[in-house]
S.K.: 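The structure follows.
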Amino acid sequence: MHDHLDDDKIWANSGDSHLVEPADLWRTALSPELADRMPRSEFDLERGIETIFVDGQSFERRIPKAFSLRDHEGNGLGERVGRGNDPVLRLEDLDSEGIWAELIYPSIGFWMSSIHDPELLAAGCRAINDWAIEFQAHSSRFVCTATLPLLTVETAVAELERAADLGYRAAYCSVAPPTAEDWTDPVWEPLWATLEETGLVLGYHIGTEPHDAAGFHGNYYRGPGGAILNYMETTYGGQRAVAKMIASGVFDRYPGLRVIVSEGGATWGPFVADRLDEAYRQHASAVRPTLSRLPSEYLYEHVYASFQHDRSAPAANWAMGWRNVCWGSDYPHLEGTFGHTQKTLHELFDDVDPATRRRITIETFEELFPHVPAAPGT
Ligand code: MN
């Protein structure tokens, strides 16, 4: 039986979701000495400050206001993220929101990109990957991303191969590498080759720069407008990462590679493609390496993007011709769509033609992850 609401329900796959690592994750898997150096977070609700500790460093950031509010059932929103770690409660949440399959990233685990000890990082990656793959086993709707120890390409490739054997379909890299060699450097060739060989999709989630990476502007702005400007800055890392891969010919050499930029909006794709083509044509005499095709062709074919609230994002598909746009919920994060997913999906898609809506909400994700079951009614 269907009530009126069910008939109106829009189901969507999510190209941007998260697990929230339990506090005892590192202690369970690692020696106390190593566990103490892994990322952890402390909340000071009075001051509205979260402090992240990682390998002897500490970083402060403001806690979103919503964290201290209660939802309509009286649950603190901070407690809600705990539901996301219980596969049964998580699926309940997804079903009520209309979210079907999910590409799932870590949360505090992103801060591992600020670790400087290759052995600590490799051990931490094995621990988080062993834990997340167990979670993935609970439902074919979960597609978890493996974390790679990027301080050396050898450790990254070894963990990527192990992750593929464990059953991972995706791995993520921080948008900037934690090394002196940028994504354009030949040192990363074995990583691209292994990604292509294993068929894993590469994810870049915005805001994952190592804290001291060159060009990272996180927490740079202070004073009037700072919060907005810092958020805007987090957006560019994913665009830079894929532009570096395109410009240095990675997709020329590894045509089986596919990359998704999560949580970074979508209309940037056609814009960046135009700028890369302009550079390629107008500055051809300085361009190294030369490419077999125009930069935009690599972007339109090999690069995917997920957005959550961005009003202009569907037009990147129907008006600008970038097919690789998908939606993402950011569940269970506070800035995501939880609690208003259906409202968001209707606002985004009620005026969009059915084929475009289907492509963005369902098919783009299925193209990346054809093993996931079909969403209800599709
Ligand atoms: Mn996200």
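Order of listing sets the numbers, starting from 1, for every ligand and every atom in it. Only a predicted model underlies this, so the values are computations on that prediction, with no experimental measurement involved.
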S.K.: Could R253 and E189 be called an ion pair, given the rule that one side-chain N must be under 4.0 Å from one carboxylate O?
M.R.: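 Salt bridge present between R253 and E189.
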S.K.: Starting from the Mn ion (ligand 1), look over the N/O/S atoms of D16 and name the nearest one.
M.R.: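 This turns out to be OD1.
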S.K.: For the Mn ion (ligand 1), find the closest N/O/S atom belonging to D330 and write down its atom name.
M.R.: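 This turns out to be OD1.
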S.K.: Report the residue from F53, F59, W111 that forms a side chain to side chain contact (heavy atoms under 4.5 Å, CB included) with P39.
M.R.: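 Result for side chain to side chain contact (heavy atoms under 4.5 Å, CB included) with P39: W111.
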S.K.: Could you tell me which N, O or S atom of E263 is nearest to the Mn ion (ligand 1)?
M.R.: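 Minimum-distance N/O/S atom of E263 relative to the Mn ion (ligand 1) is OE1.
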S.K.: Is the W100 ring parallel, tilted or perpendicular to the W11 ring (thresholds 30°, 60°)?
M.R.: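 If you compare the ring of W100 with that of W11, the planes turn out perpendicular.
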S.K.: Please report, to 10°, the angle around the Mn ion (ligand 1) from atom NE2 (H18) across to atom NE2 (H205).
M.R.: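 The two atoms form an angle at the metal of about 90°.
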S.K.: Ring centroids only, cut at 6.0 angstrom: are F110 and H205 within range, meaning strictly under it?
M.R.: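 Ring-ring flag for F110/H205: true, centres closer than 6.0 Å.
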S.K.: Do Y105 and E263 get their side chains close enough for a donor-acceptor pair, meaning under 3.5 Å?
M.R.: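 Side chains of Y105 and E263: no pair found under 3.5 Å.
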S.K.: Decide, counting backbone as well as side-chain atoms, whether H333 has an N, O or S atom less than 2.8 Å from the Mn ion (ligand 1).
M.R.: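 So H333 does not count as coordinating the Mn ion (ligand 1).
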